[in-house]
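Being a predicted model, the structure only gives us computed values, none of them experimental.
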Amino acid sequence: MLRKPGRARLPRRMESDSAKFDAANDMLEQLGVCYHRPSPHQFKIGDINFYPKTGTITFDGIAKAWREKGLDALKERIEARRRRLNEILAAKRAHRG
């Protein structure tokens with residue numbers, strides 16, 4: 001992953017985190033997804049950006065926020081992406097056949 005020069009990566013958990021941040025961290029760890037924290041206010045999961053304080057979900061390259069908010073909506077988006085990826089992989093395996 002490419003990072004801007006001179007920009008340190010923040011730890012996933014910080015002492016100042018609210019209960020919402022702790023819950024988001026717990027859920028992301030439970031799901032086993034690769035994620036990081038580019039700012040004190042945000043988690044990044046691939047091209048998904050999640051802001052625990054407000055529950056807002058955005059996607060890279062899309063100006064408008066996702067219509068649903070919160071941890072349940074984030075979990076749904078992550079699981080939908082996993083299902084789609086599994087469908088693509090299954091189709092490739094079947095095609096190789």
Side-chain angles (χ1 to χ4, degrees):
M1 179 173 103
L2 298 175
R3 280 187 262 155
K4 293 181 182 177
R7 189 156 183 180
R9 181 175 284 187
L10 294 173
R12 290 180 178 176
R13 293 185 185 267
M14 299 170 69
E15 278 187 47
S16 59
D17 283 348
S18 67
K20 290 182 179 184
F21 271 90
D22 288 340
N25 260 312
D26 291 345
M27 184 194 76
L28 292 169
E29 288 173 359
Q30 181 183 19
L31 291 173
V33 298
C34 181
Y35 71 101
H36 69 279
R37 189 171 186 166
S39 82
H41 314 286
Q42 169 193 12
F43 289 120
K44 186 147 185 65
I45 309 101
D47 67 341
I48 301 172
N49 303 287
F50 182 65
Y51 301 85
K53 183 176 179 180
T54 61
T56 301
I57 301 167
T58 63
F59 299 90
D60 292 350
I62 300 174
K64 194 172 182 180
W66 187 250
R67 64 187 170 273
E68 298 170 18
K69 290 186 171 191
L71 282 178
D72 289 339
L74 177 62
K75 184 177 181 180
E76 184 179 307
R77 290 291 88 218
I78 291 169
E79 289 176 344
R81 296 232 170 150
R82 279 186 173 166
R83 283 190 301 272
R84 181 65 185 131
L85 180 58
N86 286 334
E87 290 169 3
I88 291 168
L89 293 173
K92 284 186 176 186
R93 283 195 285 285
H95 186 267
R96 282 188 231 150

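More than 12 heavy atoms of other residues, nucleotides or ligands sit less than 6.0 Å from atom CG of D47.
The CE atom of M27 lies 8.5 Å from the CD atom of Q30; values are rounded to the nearest 0.5 Å.
Not counting sequence neighbours, R67 has no partner by the side chain to side chain contact (heavy atoms under 4.5 Å, CB included) test.
The closest side-chain heavy-atom distance from W66 to L74 is not below 4.5 Å. The side-chain heavy atoms of R81 and L85, taken from C-beta on, include no pair separated by under 4.5 Å. Within the 4.5 Å cutoff, the side chain of F59 has heavy atoms near those of the R77 side chain.
Salt-bridge formation is not detected for the pair E79/R82: no Lys NZ or Arg NE/NH1/NH2 atom is positioned less than 4.0 Å from an Asp or Glu carboxylate oxygen.
Side-chain heavy atoms closer than 4.5 Å link hydrophobic residues (I, L, V, M, F, W, Y) into clusters, and following such links, possibly through other members, connects I78 to I62. When the side chains of ILVMFWY residues are joined at heavy-atom separations under 4.5 Å, either directly or via intervening members, Y35 and L31 end up in a single hydrophobic cluster.
The minimum heavy-atom distance between L71 and A23, with the atom names listed, is CD1-CB, 3.7 Å. Among all heavy-atom pairs drawn from F50 and A24, the shortest one is CE2-CB, 3.9 Å. Here the shortest heavy-atom pairing between T56 and A65 reads CG2-CB, 3.8 Å.
Under the 3.5 Å distance criterion, the side-chain polar atoms of N25 are matched with a main-chain donor or acceptor of R12.
Screening residues 51-60 for salt bridge (charged side-chain N to carboxylate O under 4.0 Å, His left out) gives K44-D60 as the qualifying pairs, with residues at least two apart or on separate chains. Residue pairs satisfying the salt bridge (charged side-chain N to carboxylate O under 4.0 Å, His left out) criterion with at least one member in residues 17-28, sequence neighbours excluded, are listed as follows: R13-D22, R13-D26, D17-R37.
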With side chain to side chain contact (heavy atoms under 4.5 Å, CB included) as the criterion, how do T58 and Y51 come out once you've worked through the C-alpha distance, each side chain's angles and the decisive distance to 0.1 Å? CA-CA 9 Å; T58 63; Y51 301 85; 4.0 Å; yes

